[in-house]
Amino acid sequence: MNQHAIQNLTLFDLLARSWHRASAIADLRFSTDGSAVAFTCVDGTVAIAAVADREPPESRIRVSGDLGQTTIRPREKPPAPLIATVALGDGDVPLASYFRSGFLVGTAGGEAVHLTAGGDVVEALVKIDGPIVAIDHSAKAAATAVSNGQDVFLSRNRDDAIRLRHGATQPTETLAFSPDGQRLASGRDNGLSIWATNGDAAPIREVSFSARPVSIRWSGDGTWLACGLEAGGFALVSVADGRTDIVAGFPSPVRTVCWSLSDNALFASGAFRIAGWSMTAPPLGDKKSGALETGRTGLVLIETVAAHPQKKLIAAGYANGRISIAQIGAPGELLVRPLGSAVTALAWSGDGRHLAVGAVDGTAAIITFPAQMFK
């Protein structure tokens, strides 16, 4: 490789292991122990990558003795191939982390199956009249929740699933356990139901929105819920008293929301810059309250955001394939990839060393950052 080509390499070229799937990446998850990443595709397959890097960046970094300049050489070997399953659904399948290194996948046949990091389907934990369109698992509560699009079912300690009873049946395609596993939020046609999962599972709160929730995220302490809406922005819910407000004004639907534990802040996609708010002054009644000006305003929409688990950093994926990382409340951005296919999914590993990426063109990638990059 000539010197000019090396100078044109991006951080993505230097740090990422990248694979190509036959269809778009819909979602991704790190395993609980951080040893594997599962990517779901819109053709119903799941592909799994080992996180361990055969050529970690530290092994490719060189510091010149005369100038003290740090450089990193490109990878010399292709990454180990992905492990792929057969199609488990007619479209993309719902996914959750399970046990230490495995995953739960909802299938078209109504089963929540345990998928190992080696790609083997070893057992079905839950069986309902399917197909399963939403799934979540709480290790703390040893509970699994699934939905067939109409009803929500709860299985505790791997017992038979029970149907959670509520009023009029409405479409349910989003589920999320609270961090302690004691509550379950399920999206409805134009709202949200919150259930207590201990004892006799019962609804404890019903919340109405202006549109259907497409994503649900609990804050780290379980006191707030943020829901990206199909249209009209995102909803913010105080779990304790049910206070709810819609943060509107986004030029595009808010596909993803995320919480920064280190900064007690909330972030959303769907704008031309990274939209964030400090929860010391939550945007209830005033969307400017607590606003955090993060990164730069551009001309391309942000499709997905992911908060670093330990540091005050936010990763953003754009409709034009750009990937950047910004410090919360600061204008500067680290450009990881300038262009590519639209980013559909982003997630950090639990230790913050790896950023997994999924894209419309089937790109699945793991970006491994040197330890000294984020001090």
Side-chain angles (χ1 to χ4, degrees), residues 27 29 89 92-99 103-114 123-209 211-219 221-230 235-244 257:
D27 199 3
R29 291 286 188 282
D92 58 288
V93 291
L95 177 71
S97 301
Y98 181 63
F99 279 167
F103 305 92
L104 278 183
V105 180
T107 71
E111 293 183 330
V113 298
H114 175 197
E123 61 182 333
L125 272 71
V126 177
K127 172 66 176 177
I128 64 170
D129 292 331
I132 292 177
V133 301
I135 192 169
D136 198 17
H137 177 76
S138 170
K140 288 187 176 181
T144 301
V146 298
S147 171
N148 59 8
Q150 295 296 327
D151 293 308
V152 177
F153 299 83
L154 178 67
S155 172
R156 289 174 292 202
N157 299 309
R158 302 179 64 174
D159 292 337
D160 290 341
I162 59 171
R163 183 166 67 90
L164 300 183
R165 299 187 177 277
H166 53 80
T169 300
Q170 296 189 42
T172 302
E173 298 181 357
T174 48
L175 297 169
F177 280 105
S178 60
D180 61 6
Q182 298 304 305
R183 288 161 294 175
L184 174 69
S186 63
R188 297 185 285 105
D189 190 28
N190 284 316
L192 192 73
S193 297
I194 304 175
W195 302 78
T197 59
N198 52 353
D200 293 329
I204 57 177
R205 193 171 299 283
E206 299 282 341
V207 182
S208 296
F209 301 148
R212 181 175 68 93
V214 295
S215 61
I216 301 172
R217 294 291 183 272
W218 291 82
S219 62
D221 59 6
T223 60
W224 294 94
L225 276 164
C227 303
L229 301 179
E230 193 172 44
L236 185 61
V237 180
S238 170
V239 178
D241 56 19
R243 285 185 301 156
T244 303
V257 288

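Side chains are part of it too, since the values below use all heavy atoms of this structure and drop only hydrogens, waters and symmetry mates.
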Can you tell if the side chain of [X] reaches within under 4.5 Å of the side chain of [Y], non-hydrogen atoms only?
X      : Y      : result
Arg188 : Glu206 : yes
Leu175 : Val152 : yes
Arg183 : Ile204 : yes
Thr223 : Val239 : no
Ser193 : Pro203 : no
Trp224 : Arg217 : no
Leu192 : Leu225 : yes
Leu236 : Thr244 : no

Would you sort out whether Asp151 and Arg163 count as a salt bridge (charged side-chain N to carboxylate O under 4.0 Å, His left out), showing the intermediate values? CA-CA 7 Å; Asp151 293 308; Arg163 183 166 67 90; 3.5 Å; yes

Whether the side chain of Ser238 engages the backbone of Gly242 through a donor-acceptor N/O pair (distance < 3.5 Å, no angle test) should be reported.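 No, the answer is negative, given that no donor and acceptor are paired below the 3.5 Å cut-off.
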
Heavy-atom neighbours of Asn198 CG exceed 12 at 6.0 Å: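 Yes, CG of Asn198 has more than 12 neighbouring heavy atoms, counting only those of other groups under 6.0 Å.
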
CG/Asp160: more than 12 non-hydrogen atoms of other groups inside 6.0 Å: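 For Asp160, atom CG is not crowded (no more than 12 foreign heavy atoms under 6.0 Å).
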
[X] versus [Y], closest heavy-atom pair with distance:
X      : Y      : answer
Ala201 : Leu164 : CB-CD2, 3.5 Å
Thr172 : Ser186 : CG2-CB, 3.9 Å
Ser219 : Pro179 : O-CG, 3.4 Å
Ile162 : Arg156 : CD1-NH2, 4.1 Å
Phe177 : Trp218 : O-CD1, 3.1 Å
Leu229 : Ala211 : CD2-O, 3.8 Å

Strictly below 4.0 Å, N to O, side chains only: are Arg158 and Glu123 in salt-bridge contact?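 Salt bridge present between Arg158 and Glu123.
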
If you measure from CD on Glu173 to CD1 on Ile216, what distance do you get to the nearest 0.5 Å? 11.0 Å

Rounded to the nearest 0.5 Å, what separates atom NE2 in His114 from atom CG in Leu104?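 Taking NE2 in His114 and CG in Leu104, the distance rounds to 7.0 Å.
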
Which residue pairs pass the side-chain hydrogen bond (donor to acceptor under 3.5 Å, both in side chains) test with at least one member in residues 134-149, sequence neighbours excluded? His137-Thr144

Side-chain donor-acceptor pair present, Thr197, Gln182, cut-off under 3.5 Å: no

Any residue meeting side-chain contact (heavy atoms from CB on, under 4.5 Å) with Arg29, in chain and number order, not counting sequence neighbours: Asp27, Leu95, Ser97, Phe103

Val113 vs Thr107, side-chain contact (heavy atoms from CB on, under 4.5 Å): CA-CA, chis, key distance, verdict: CA-CA 7 Å; Val113 298; Thr107 71; 3.9 Å; yes

